[in-house]
2 protein chains.
Amino acid sequence: MATQTAAEQREEARKAFDAYFSQCPSRKLLDRLSDKWVTLVLTALQAGPCRYSDLARRIAGVSQKMLTQTLRVLERDGLVSRTLTPSVPVRVDYELTPLGESLMPLVAAIKSWAEAHIEDVERAREHYDAVNA
Amino acid sequence: MATQTAAEQREEARKAFDAYFSQCPSRKLLDRLSDKWVTLVLTALQAGPCRYSDLARRIAGVSQKMLTQTLRVLERDGLVSRTLTPSVPVRVDYELTPLGESLMPLVAAIKSWAEAHIEDVERAREHYDAVNA
DNA sequence: CTGCATCCAGCTGGATACTG
DNA sequence: CAGTATCCAGCTGGATGCAG
């Protein structure tokens, strides 16, 4: 009699893989970048410091919850700095840190590949859909 | 009397933004790359053609459903080609297309930034968590 | 061997209401 | 102005069973 069922073994393997996987630096980075709002916030901040409400205006579709959440994550990761001015009303400015700025060339590289090749992808899709109608 | 409530206007704005947003090439690319299994499959195929079951073995944590789904998407996008050999049992090989290969330097760049800077990010996190205990 | 169909638990993220 | 707290609808993706 086995000490584990096949299902339990599979689950073990999956958990071990997940543990390893979540340690992968590339994965951590992709998890950040892939967040819907992260690249938009980073790009908006590229031009310079920006207030919370300005960000909300520039990134038209974002909800308050997600903007705050995204900014917190980026601040925690050291990609963005937060400066509070205790006037009345309160003023908060966000800014890219040097680490955050070092990420921007990569964002630009992604943009570059996308703009250069996305039409090939679109054509491939149309072809695929036509063949597998 | 307004023809729209404020809530309706906000929803309109959000839908318009979403529509614009989903057209953005960079977004389309990030949506692909950020899929948990996409980069793993692409990386696994970088060494050369590979059978379905080999992929399943190399990428230990993937479920059958997600592996198939990922491969379908990549095939549809023209990043991966699928070759069926109608033997018994069936044999299917997957391979990077030239378009898929053109994406690999970008994947490498992501890996490179991640490995160079993820420790800075980790330190920033520890600091943030310590301060905001 | 290589898949497809279905079910469902868990997470994501928008809406809403409230605060210093 | 710049958030925080709560609720919940919809999507994601793993598990399972079946098929050519």
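Sequence lines set the chain letters: A, B, ... in the order given, protein chains first and strands last, and positions in each chain run from 1.
No side-chain heavy atom of A:L67 sits less than 4.5 Å from a side-chain heavy atom of A:Q64. Proximity of B:T68 to B:Y52: side-chain heavy atoms (C-beta onward) are separated by under 4.5 Å at one or more points.
Put simply, CD on B:Q64 is 10 Å from C1' on C:dC4, counting in whole angstrom units. What separates CZ of B:R91 from P of C:dC1 is a distance of 12 Å, to the nearest Å. The distance from atom CG of A:L84 to atom P of C:dG20 is 16 Å, rounded to the nearest whole Å. Protein atom CG of A:D31 is 14 Å distant from nucleotide atom C1' of D:dT12, rounded to whole Å. Between A:I59 atom CD1 and D:dA2 atom P there is a gap of 14 Å when expressed in whole angstrom units. As rounded to whole Å, 9 Å separates atom C1' of D:dG13 from atom NZ of B:K36. Regarding B:D35, its CG atom lies at a distance of 16 Å from the P atom of D:dC11, rounded to whole Å. Distance CG (B:L71) to P (C:dC1): 16 Å, rounded to an integer number of Å.
The side chain of A:R82 contributes an N or O atom lying less than 4.0 Å from OP1 or OP2 of D:dG3. OP1 or OP2 of D:dG3 lies within a sub-4.0 Å distance of a side-chain N or O belonging to A:R72. In this model, the phosphate group of D:dG3 is approached by a side-chain N or O of A:Y94 to a distance below 4.0 Å at OP1 or OP2.
Of the candidates D:dA2, C:dC1, C:dT2, D:dA2 carries the atom nearest the A:V92 side chain, counting heavy atoms from C-beta on. Comparing atom distances between the A:W37 side chain and each of D:dG20, C:dG14, D:dG3 picks out C:dG14 as nearest. The side chain of A:K65 lies closest to C:dG14, out of D:dG3, C:dG3, C:dG14.
The pair B:R125-B:D129 does not count as a salt bridge, with every side-chain nitrogen at least 4.0 angstrom from each carboxylate oxygen.
Hydrophobic clustering (ILVMFWY, side-chain heavy atoms < 4.5 Å, transitive): B:Y128 and A:L45 are in distinct clusters. Hydrophobic clustering of Ile, Leu, Val, Met, Phe, Trp and Tyr side chains at less than 4.5 Å, counting indirect connections, keeps B:L106 apart from B:V73. Side-chain heavy atoms closer than 4.5 Å link hydrophobic residues (I, L, V, M, F, W, Y) into clusters, and following such links, possibly through other members, connects B:L84 to B:L96.
For B:P89 and A:V62, each mapped to the nucleotide of DNA chain C holding its nearest heavy atom, the one lying further toward the 5' end belongs to B:P89.
Around the OH atom of B:Y20, the shell of radius 6.0 Å holds no more than 12 heavy atoms that belong to other residues, nucleotides or ligands. Surrounding NZ of A:K28 are more than 12 heavy atoms belonging to other residues, nucleotides or ligands, all under 6.0 Å away. The local environment of NZ in B:K36 is crowded, with over 12 non-hydrogen atoms from other residues, nucleotides or ligands closer than 6.0 Å.
Once rounded to the nearest 0.5 Å, the distance linking OG of A:S26 with CG of B:L33 reads 11.5 Å.
Across its full length, the helix from C:dC1-D:dG20 to C:dG20-D:dC1 shows an angle of 50° between the axes of its 5 terminal pairs at either end, rounded to 10 degrees.
In the region residues 38-56 of chain B, proximity to DNA chain C at under 4.0 angstrom, judged on heavy atoms, holds for B:R51, B:Y52, B:S53.
The residue B:Q69 sits apart from the nucleic acid: no heavy atom pair falls under 4.0 Å.
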